Amino acid sequence: MADAQIRLYYKNVTSEIIGSEHGITPGQLKALAEKTSPLIRLVNVERKAGKTPYRDLPYGKQTPKQVKDLAAELKDNCENLVVLGIGGSALGNIALQTALNPYMHNLDSTQRPGPRLFVFDNIDPGQLASFLDWVSDKLDKTIFNVISKSGQTAETASQFLIVRQLLLDKLGTDGLKNQVVATTDAKQGTLRRIADDVGLRCLEVPEGVGGRFSVLSAVGLFSAAMCGVDINLLLCGAADMDNKVSDEDFYQNPAAINAAVNYHFYNHGKKIAVMMPYSYAIKDLADWYRQLWAESLGKAQDIAGNEVHIGPTPVKALGTTDQHSQVQLYREGPNDKLFTFLQVNDFQTNLTIGPAPDCAPELRFLAGVDLSILLNSEKKATEYALLQSKRPCLTVLFDAVNAYTVGQFIYLYEVTTSLAGALFGIDPYDQPAVELGKESTFALMGKSGYEALARQIEPLSELDQDFLV
Ligand code: PA5
């Protein structure tokens, strides 16, 4: 077991701290334990039956080796790595990079052990055009990792088609072949067909693992390995957390307690779940969590087919930044939120605040103090203020942010999501409501087979001038 760990602190959601109107009473906690315990067993059984293959990603030997071999092959001649993907094919890559590499990674070559990393998870023409202008004379030193299970996602496909043409124009067919790595389904789909046709280097999106559960597969590991992240340590952290979240003793299982607390507050009028990291490094873990939570738990039907329209709304906030933009609402607005702070104990970088000038004695309390002490004091201060307003607060404590603890965090939240799905009685692994938007895009873009849908959309997508002011 590594020295640095993450732990979940949940006393500040209890009635002992915020009173019985808003806090969880001992009786309610006992009832939650009784309801959740059989579901821990169920989730463990499903896992053993192979129904949740994301659970086994920390133990795969072949994928990490393949990823590391490919990174070793490409790294020496790669100054820029560009990920083209969206949703589950991008958010994990971004989160790992922000968490595990320095803030100035892309700008300062002395601070990075690998290429610069750019993740394009949108199709804004201004953004992409600006980047392509910059990169077009560096294409032979740039690897494009296009990630799409299906290959049909309009955003990723359009980015890829732009890049493909650029590579063909500038470097020819060999350039396309040399500069692109495709991460896609092992056997089928549009991107697989293109990759096989061109002879692209390929990595696999594992069978049965949805995008939002795929960060510990080649989807997230390749960019991490290229950029110097110790992917073995990441997977070890996840495997360590697997032991903890498989524990059938509710009170020893952080995922079970996390899921149960979230479930309780959703059912007691707190339908918004705010995640508030107090560290820049882990801010994008909150973005990754937002997708995991929203797509997995927001469902119209339960597993029996009843209409339920369930799902907590995940919100991300950043400490201390959002103390100055959100906390007024969080304290005095409706008491409809559960807060989860992410706190780092050891920032591993000390920055001491300078002395106060003589004309500003009121700043002396800051002088000579480590900046991380101020940051964590502000976290405690904000939490205290919220508790005074009877707002429930969880904290995930990171002893330090490193590949091991980030692996633990990812796995903790993935299994929390599985258990929350079981508590809500919904299927956390599908996302049927995303399809209509995708299909409507196809229809609006004139894709063959979507003509009838295009006709249905037309009256709604044309502006009615009577309502335009
Ligand atoms: O979590 C998910 O399943 C989604 O966010 C997908 O990752 C996203 O829609 C991209 O899909 P694809 O990998 O097919 O391009």
Side-chain angles (χ1 to χ4, degrees), residues 51-55 57 63 82-97 119-123 128 144-164 180-196 200 202-224 284-300 311 314 316 410-411 413-418 420-421 426-442 445 447:
K51 289 186 183 161
T52 48
Y54 84 84
R55 294 291 302 263
L57 293 177
T63 299
V82 185
V83 170
L84 307 177
I86 196 163
S89 298
L91 289 164
N93 300 63
I94 297 170
L96 293 181
Q97 172 73 359
V119 182
F120 285 95
D121 64 346
N122 210 329
I123 42 168
L128 192 57
F144 294 88
N145 179 207
V146 51
I147 307 176
S148 179
K149 187 171 175 66
S150 61
Q152 295 212 12
T153 305
E155 294 89 342
T156 310
S158 58
Q159 290 169 334
F160 174 62
L161 294 182
I162 291 168
V163 165
R164 172 181 172 273
V180 176
V181 172
T183 306
T184 191
D185 191 273
K187 298 192 193 86
Q188 57 189 6
T190 306
L191 184 55
R192 166 55 56 186
R193 204 173 336 116
I194 296 171
D196 289 348
L200 298 178
C202 283
L203 293 166
E204 286 174 16
V205 178
E207 180 74 36
V209 177
R212 58 190 178 273
F213 290 90
S214 70
V215 55
L216 299 177
S217 75
V219 170
L221 295 182
F222 178 64
S223 69
D284 291 329
L285 284 174
D287 240 348
W288 169 84
Y289 146 82
R290 209 161 56 100
Q291 184 208 12
L292 181 69
W293 210 239
E295 274 196 354
S296 302
L297 301 181
K299 297 291 152 73
K316 66 164 181 169
I410 287 167
Y411 207 84
Y413 267 86
E414 288 178 343
V415 178
T416 297
T417 304
S418 291
I426 50 91
D427 178 355
Y429 307 112
D430 65 0
Q431 57 283 327
V434 180
E435 286 315 305
L436 185 57
K438 286 189 178 181
E439 287 169 13
S440 301
T441 301
F442 293 158
M445 294 297 290
K447 185 171 178 177

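One-based numbering, in listed order, for ligands and for the atoms of each. Only a predicted model underlies this, so the values are computations on that prediction, with no experimental measurement involved. Sequential numbering from 1 along the given sequence is applied to the chain's residues.
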| note | Exactly one candidate in Leu191, Val146, Leu161, Ile147 meets side chain to side chain contact (heavy atoms under 4.5 Å, CB included) with Thr156; the answer is Val146
| What closest approach, in Å, do Tyr411 and Tyr54 show between heavy atoms, and which atom pair accounts for it? | CE1-O, 4.3 Å
| message | For Lys299 versus Tyr429, what's the shortest heavy-atom pair and its separation? | response | NZ-N, 4.3 Å
| Mind checking what residues have non-hydrogen atoms under 4.0 angstrom from ligand 1? | Ile86, Gly87, Gly88, Ser89, Ser148, Lys149, Ser150, Thr153, Gly211, Arg212, Gln291, Glu295, Lys438
| note | Closest non-hydrogen atoms of Gly88 and Gln291, given as atom of the first, atom of the second and distance, are N-NE2, 3.2 Å
| Between atom OG of Ser148 and atom CD of Gln159, what is the distance when rounded to the nearest 0.5 Å? | 10.0 Å
| Between Tyr289 and Tyr413, what is the ring plane arrangement, given parallel below 30°, perpendicular above 60°, and tilted in between? | perpendicular
